[in-house]
*Asks:* 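Please find one structure pasted underneath; my questions will follow.
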2 protein chains.
Amino acid sequence: MKSEKISELTTNRLSVYLRCLNLLAAAGIKTISSQALADQFNMNSAQIRKDLAHFGEFGVRGVGYSVDELRRHLTQILGLDRPHRVGIVGAGNLGTALANYNGFTASNFEVVALFDNDKEKIGRRVGKAAVAVHDVRKLARVVRDAEIDVAVIAVPARVAQRVLNQVMSAGIKAVLNFAPVRLHARLGVKVKTVDLTIQLESLSYFLARPQITCVTNPRQILPYEEIAQREEQELQS
Amino acid sequence: MKSEKISELTTNRLSVYLRCLNLLAAAGIKTISSQALADQFNMNSAQIRKDLAHFGEFGVRGVGYSVDELRRHLTQILGLDRPHRVGIVGAGNLGTALANYNGFTASNFEVVALFDNDKEKIGRRVGKAAVAVHDVRKLARVVRDAEIDVAVIAVPARVAQRVLNQVMSAGIKAVLNFAPVRLHARLGVKVKTVDLTIQLESLSYFLARPQITCVTNPRQILPYEEIAQREEQELQS
DNA sequence: GAATGTGAACACATTCACAGCC
DNA sequence: GGCTGTGAATGTGTTCACATTC
């Protein structure tokens with residue numbers, strides 16, 4: 001366990017590894033080598049070992065990794081052993097869709113509040129979990145009372161920076177931003193932006209040039225059987 | 001103009017550049033240097049020049065780039081001069097939210113169909129644009145009739161690969177995937193995955209390790225009353 | 001003089017390959 | 001023998017710095 005700086009690419013992969021291990025555990029597999037893991041989910045075994053090595057020595061030479069043990073380690077490393085409470089700013093289409101999304105809960109995230117400035121929406125409750133929509137002006141208070149530690153920004157681009165400033169003032173340190181703007185966060189605050197415009201426009205670039213990118217990442221095509229089998233395994237998630 | 005392979009990081013940035021130039025154009029600015037562009041949107045000027053240089057020589061030495069001219073070039077490079085027609089598979093929360101999202105239209109994308117396997121949903125029309133929900137079994141036919149060239153996968157992870165296979169069989173070459181799985185695409189098909197689970201879990205990792213970036217002066221942390229007061233003020237503007 | 005376009009230098013990320021251990 | 005953990009080698013992306021052009 002060193003105290004070097006870990007790349008975001010690495011932490012993203014840790015999340016993927018954990019997901020893969022959950023599938024293996026659900027399939028009753030107890031032990032796996034980095035090689036087998038890499039083969040099964042087309043990754044690189046050396047990269048798996050290197051990523052894990054940043055945090056400790058979790059494997060046994062000659063044997064591999066204990067699936068359950070590694071799951072526990074990754075859960076702890078990613079901080080998923082503690083629950084996180086999410087507040088979503090912007091109760092529009094996207095915000096309410098995210099409030100209903102249950103993929104969050106699997107990772108120990110719970111949406112506990114929505115915020116908006118539209119009087120029509122304030123006071124309503126949204127979705128199965130009946131999440132309350134609060135006045136965005138009361139954000140700091142609700143954040144404190146509901147112990148919110150993660151914010152999602154789902155507002156129009158032109159107000160996103162203002163919302164982020166408010167969110168940061170309320171003491172929140174982790175933000176997932178869906179507005180297509182580059183936001184300025186102060187030190188100690190992590191903002192991850194999911195920019196659908198960029199994704200779509202990159203797809204458009206690809207469509208305009210089918211010949212060039214055909215060779216990007218020549219991904220091995222699996223036989224159908226194996227894909228179907230994998231689907232069964234995923235039924236758990 | 002060379003015919004080398006362009007990195008996805010580059011195409012992503014081209015999309016950002018275009019967005020910045022649109023802002024500049026709206027502000028009436030006619031000419032800009034890579035340096036000024038970089039300063040204004042915190043990017044690196046050399047990178048801008050290098051990215052653009054892959055596609056031609058668009059600037060004038062000693063002067064800079066014509067904003068309008070460069071906008072036209074980028075629009076053409078990204079293939080945004082031709083409209084794209086989008087079909088969304090999965091008429092759940094996320095799918096319908098995306099069908100309503102108007103950020104797409106700005107980039108010449110139009111959502112023209114939704115697909116689902118739920119009989120309750122099939123036949124309905126969703127959102128302001130009244131996009132029809134089709135039986136997912138008729139995907140190939142609707143894709144052909146409605147000339148859909150981009151698919152969005154907004155279904156549960158366990159069925160995402162099956163949906164992708166169907167989408168590929170219908171001849172679609174560009175896919176935006178929201179299911180948190182790594183999908184296997186065949187050659188010539190581009191899949192971009194937006195994995196919210198990874199983003200959230202990476203944020204969680206960050207929260208579990210505040211010491212790394214937390215350099216905030218403790219004196220700057222305001223008492224709650226002051227924060228609330230400041231919020232009121234910020235929302236006035 | 002001012003800014004582009006670009007080779008060279010640097011920084012970062014991935015993969016190889018093997019010593020060391022079970 | 002088999003697999004981990006890791007230095008060394010490779011590959012990729014970014015930034016510097018300057019010759020070149022207007």
Side-chain angles (χ1 to χ4, degrees), chain A residues 1-17 21 24 29-67 69-70 73-74 77 182 198 202 212-213 215-220, chain B residues 1-17 21 24 29-67 69-70 73-74 77 182 198 202:
Chain A
M1 175 96 69
K2 309 140 197 175
S3 63
E4 82 223 85
K5 194 175 156 260
I6 305 298
S7 145
E8 212 157 284
L9 294 166
T10 299
T11 64
N12 288 351
R13 280 192 301 265
L14 293 180
S15 170
V16 173
Y17 300 156
L21 290 166
L24 293 173
I29 291 158
K30 298 292 177 203
T31 294
I32 193 151
S33 68
S34 60
Q35 185 62 64
L37 190 60
D39 288 351
Q40 211 163 133
F41 299 96
N42 33 300
M43 311 183 282
N44 179 291
S45 65
Q47 183 151 73
I48 294 171
R49 295 197 298 276
K50 204 144 236 185
D51 284 338
L52 296 177
H54 290 124
F55 300 96
E57 307 203 353
F58 305 132
V60 181
R61 286 162 202 243
V63 180
Y65 301 88
S66 152
V67 172
E69 199 186 307
L70 194 49
H73 275 120
L74 286 174
I77 290 166
R182 194 184 278 214
I198 290 177
S202 267
I212 290 177
T213 9
V215 205
T216 312
N217 243 342
R219 201 165 284 168
Q220 125 199 32
Chain B
M1 173 98 69
K2 308 138 197 175
S3 63
E4 83 222 83
K5 198 189 145 230
I6 304 298
S7 148
E8 212 158 283
L9 295 165
T10 299
T11 64
N12 288 352
R13 281 192 298 266
L14 293 181
S15 169
V16 174
Y17 300 157
L21 290 166
L24 292 173
I29 289 158
K30 299 293 179 203
T31 293
I32 193 150
S33 68
S34 60
Q35 185 62 62
L37 190 60
D39 289 350
Q40 210 160 135
F41 298 95
N42 43 295
M43 311 184 283
N44 179 291
S45 64
Q47 183 151 72
I48 294 172
R49 295 198 298 276
K50 212 151 228 172
D51 285 338
L52 297 176
H54 291 125
F55 300 96
E57 307 203 354
F58 305 133
V60 181
R61 284 160 203 243
V63 180
Y65 300 89
S66 152
V67 171
E69 199 186 309
L70 193 50
H73 275 120
L74 287 174
I77 291 166
R182 193 185 278 215
I198 291 177
S202 267

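A, B, ... follow the sequence lines: proteins, then strands. Residue 1 opens every chain. Source: prediction; values computed, not measured.
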*Asks:* Within the 4.0 Å limit for protein heavy atoms, which parts of nucleotides 8-13 of chain C are touched? Write it as a string from 5' to 3', B for base, S for sugar-phosphate only, - for none.
*Replies:* B----S

*Asks:* Could you go step by step and tell me if B:Asp51 and B:Gln47 meet the side chain to side chain donor-acceptor pair (under 3.5 Å) rule?
*Replies:* CA-CA 6 Å; B:Asp51 285 338; B:Gln47 183 151 72; 5.0 Å; no

*Asks:* Roughly, in whole Å, what's the span from CZ in B:Phe58 to C1' in C:dA3?
*Replies:*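 My rounded result for the distance is 17 Å.
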
*Asks:* Which pair of heavy atoms, one from B:Ile198 and one from A:Ser15, lies closest together, and at what distance?
*Replies:*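 Heavy atoms only, the tightest pair is CA-OG, 3.6 Å.
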
*Asks:* Scan every strand shown for a Watson-Crick or G-U wobble partner of C:dA3, both distances under 3.5 Å, and answer none if you come up empty.
*Replies:*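 Pairing partner, where one exists within any strand: D:dT20.
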
*Asks:* Any side-chain heavy-atom pair from A:Leu52 and A:Leu70 closer than 4.5 angstrom?
*Replies:*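 Contact flag for A:Leu52/A:Leu70 side chains = yes.
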
*Asks:* What is the distance, rounded to the nearest whole Å, between atom CZ of A:Arg49 and atom P of C:dG20?
*Replies:*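 Taking atom P of C:dG20 as the reference, CZ of A:Arg49 is at 16 Å.
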
*Asks:* Say you draw a straight line from CG of A:Leu24 to CZ of A:Phe41; how long is it, rounded to the nearest 0.5 Å?
*Replies:*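 Answer rounded to 0.5 Å: 4.5 Å.
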
*Asks:* Please report the distance, rounded to the nearest Å, between NE2 in B:His54 and P in D:dG13.
*Replies:*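 One finds 9 Å between P of D:dG13 and NE2 of B:His54, rounded.
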
*Asks:* The side chain of A:Glu57 lies closest to which of these nucleotides: C:dG5, D:dT6, D:dT15?
*Replies:*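 My answer, after comparing the listed nucleotides, is D:dT6.
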
*Asks:* For B:Arg182 and A:Asn42, indicate whether the former's side chain and the latter's backbone hold a donor-acceptor pair under 3.5 Å.
*Replies:*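 Flag set: sc B:Arg182 to bb A:Asn42 pair under 3.5 Å.
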
*Asks:* Distance check: side-chain N/O of A:Tyr65 vs OP1/OP2 of D:dG2, anything under 4.0 Å?
*Replies:*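 The answer is no; no side-chain N or O of A:Tyr65 sits under 4.0 Å from OP1 or OP2.
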
*Asks:* Please tabulate, one pair per line, each protein N/O and nucleotide N/O from nucleotides 20-22 of chain D that are separated by under 3.5 Å, including the distance.
*Replies:*
| residue | atom | partner | partner atom | Å |
| --- | --- | --- | --- | --- |
| D:dT20 | O2 | B:Arg61 | NH1 | 2.8 |

*Asks:* In residues 33-42 of chain B, which residues come under 4.0 Å of DNA chain D by heavy atom?
*Replies:*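 Result for residues 33-42 of chain B: none.
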
*Asks:* Nearest heavy-atom pair of A:Gln35 and A:Ser45: which atoms, and what distance?
*Replies:*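 Closest approach of A:Gln35 to A:Ser45, heavy atoms only: OE1-OG, 3.6 Å.
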
*Asks:* Measure the distance from CD1 on A:Ile48 to C1' on C:dT15 and round it to the nearest whole Å.
*Replies:*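 Distance, rounded to whole Å: 13 Å.
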
*Asks:* Which heavy atom of A:Ile77 sits nearest a heavy atom of A:Leu14, and at what distance?
*Replies:*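 Heavy atoms of A:Ile77 and A:Leu14 come nearest at CG2-CD1, 4.0 Å.
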
*Asks:* Figure out the CG/P separation between B:Leu70 and C:dA3, and round it to whole Å.
*Replies:*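 Checked: the CG to P distance equals 16 Å.
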
*Asks:* Ignoring hydrogens, what is the shortest heavy-atom contact between B:Leu9 and B:Ser7? Give both atom names and the distance.
*Replies:*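 Where B:Leu9 meets B:Ser7 most closely, the heavy atoms are N-OG, 2.9 Å.
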
*Asks:* May I have the step-by-step check of side chain to side chain contact (heavy atoms under 4.5 Å, CB included) for A:Leu74 and A:Phe58, ending in yes or no?
*Replies:* CA-CA 10 Å; A:Leu74 286 174; A:Phe58 305 132; 6.0 Å; no

*Asks:* What nucleotide, of C:dG5, D:dC16, C:dA17, holds the atom closest to the side chain of B:Asn44?
*Replies:*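 The nucleotide sitting nearest to the side chain is D:dC16.
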
*Asks:* Can you see which heavy atom on A:Tyr65 is nearest to which on A:Arg49, and at what distance?
*Replies:*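 Heavy atoms of A:Tyr65 and A:Arg49 come nearest at OH-CG, 3.6 Å.
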
*Asks:* Locate the shortest heavy-atom distance separating B:Ser33 from B:Val63; write the atom from each residue and the value.
*Replies:*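 Scanning both residues completely, I find the closest heavy atoms to be CB-O, 4.5 Å.
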
